[in-house]
2 protein chains.
Amino acid sequence: MTIEVPDDHPRSESLHTRHRIEDGVDAGLTHKQGLIAEGRGEAFDYLLGERTIPSADRAERAAAAHLLRADHPVLSINGNAAALVPDEIVALADATGAAIEVNLFNRTDERIAAIADHLQDHGATDVKGRTADARIPGLTSERAKVAADGIHAADVVLVPLEDGDRAEALGAMGKTEIVVDLNPLSRSPQVAAVPVVDNLVRAIPNIAAHAHDLADRSDDERERAIDAFDREAALDAAEAAIRSGELD
Amino acid sequence: MTIEVPDDHPRSESLHTRHRIEDGVDAGLTHKQGLIAEGRGEAFDYLLGERTIPSADRAERAAAAHLLRADHPVLSINGNAAALVPDEIVALADATGAAIEVNLFNRTDERIAAIADHLQDHGATDVKGRTADARIPGLTSERAKVAADGIHAADVVLVPLEDGDRAEALGAMGKTEIVVDLNPLSRSPQVAAVPVVDNLVRAIPNIAAHAHDLADRSDDERERAIDAFDREAALDAAEAAIRSGELD
């Protein structure tokens, strides 16, 4: 079903996002639980004012610096991310030299393949995750299955819309984790080195923009972007924005 | 897919609800947009503390009194409501003498039939909505299609998870509208005579419980339940609860 949404509709952006993720279900990319997660995100984004708050922008700049500094950065992609921002994911991988790996909570070979194909249709040259030849220790869910030369070997992992168990397990492996999640007090941003409390559709392109900017700067400036980010203050600021944001 | 959720899991109730609504999609009851709406509701419910706040309980008592006092009360049911609380809807209809009518934003004959059949499997004796022989004036969406002897003739309509356009159109027809919606500042509770800011899975059985209690009382007591409910104060209280509620 295609619904025409006028561009001047007050909620045009969130309606476009909603339709992209519904199309993702039809295309076999997005799980039904991904639609429910999208709805939860919509509510928090609505409370945030559907904007990138200043602390989220600082988190996105720190995320870009971490990805640029890393030896083996990986973007861990699920069905929602692939449905919502495939071009932007490919652009972020290009801007930072990060690998792309599909990793799913509700893993099936068909869905892994559909998501990898979709990202390749959008320009990704190498998408990992089809073969899962390594495991994240201490995780029983399907998300434990990773590529030995991908997430398993990564020093920095960016994970949009993460589950808390894997966030903790990746941290326990000593990896620097960047989590994009609209609920500042859910478990994954609470345990991430860099919690990005922002909508994926704004966060991914903004991290890429910061990466382009930081790539031309000195190592010192990249270090300063990392040091300038205070995760506790950012989580507090996001919560305050949600508490005081416009509710209509 | 069936997922076992331990009853002592901290989010066991919301996880059970989530699985019921996913099953509703598989059974042809719930639209994909219904899953996104469920997610939005989950986020607001989480901020509310997943409880019936006192002002919502007063709204539910007033709703019960309105339904009991009405000449032609109707429960307007969509795919989410049918998937989540079919037994409770039938019990509420029995307790108040209300008719049940299926009314959908994303209307197809198949989905109307699937929902009506599902409610009849749960004990409903007469479900309206299969034939839509009347229209709500001023509405262009499929929700305009209603039964002449159902919503069109109703004096009191209870609508879970409403869209704002229809809420206004029903009000313009002079009907008393009871809306169940977890976002106190979305348009439908803003225009409803009785906005119930509560989760449907708690609201419907609690309205039925109040109806059983009020049925044994005097007309005066039923009038007092209606008069004691202050819609503006209830909307303010719900917003305050969301602003100050536990965010983890």
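- A search for salt bridge (charged side-chain N to carboxylate O under 4.0 Å, His left out) contacts involving K145(A) returns E142(A), not counting sequence neighbours.
- The nearest pair of heavy atoms linking R40(A) to G39(B) is CG-O, 3.1 Å.
- Interface residue I21(B): only side-chain heavy atoms are found under 4.5 Å from chain A.
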Next item on the list: List the steps and the verdict of side chain to side chain contact (heavy atoms under 4.5 Å, CB included) for H19(A) and K32(B).
Entry: CA-CA 10 Å; H19(A) 294 140; K32(B) 291 196 296 291; over 6 Å; no
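- At least one donor-acceptor pair under 3.5 Å links the side chain of R243(B) to the backbone N or O of R243(A).
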Next item on the list: Give the C-alpha distance, both sets of side-chain angles, the deciding distance and a yes or no for side chain to side chain contact (heavy atoms under 4.5 Å, CB included) between L35(B) and Q33(A).
Entry: CA-CA 8 Å; L35(B) 290 179; Q33(A) 292 184 2; over 6 Å; no
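- Between L47(A) and F44(B), the shortest heavy-atom contact is CD2-CE2, 4.1 Å.
- Applying the salt bridge (Lys or Arg N to Asp or Glu O under 4.0 Å) rule to pairs touching residues 129-139 of chain B yields D117(B)-R130(B), sequence neighbours excluded.
- Nearest heavy-atom pair across Y46(A) and L185(B) is OH-O, 4.1 Å.
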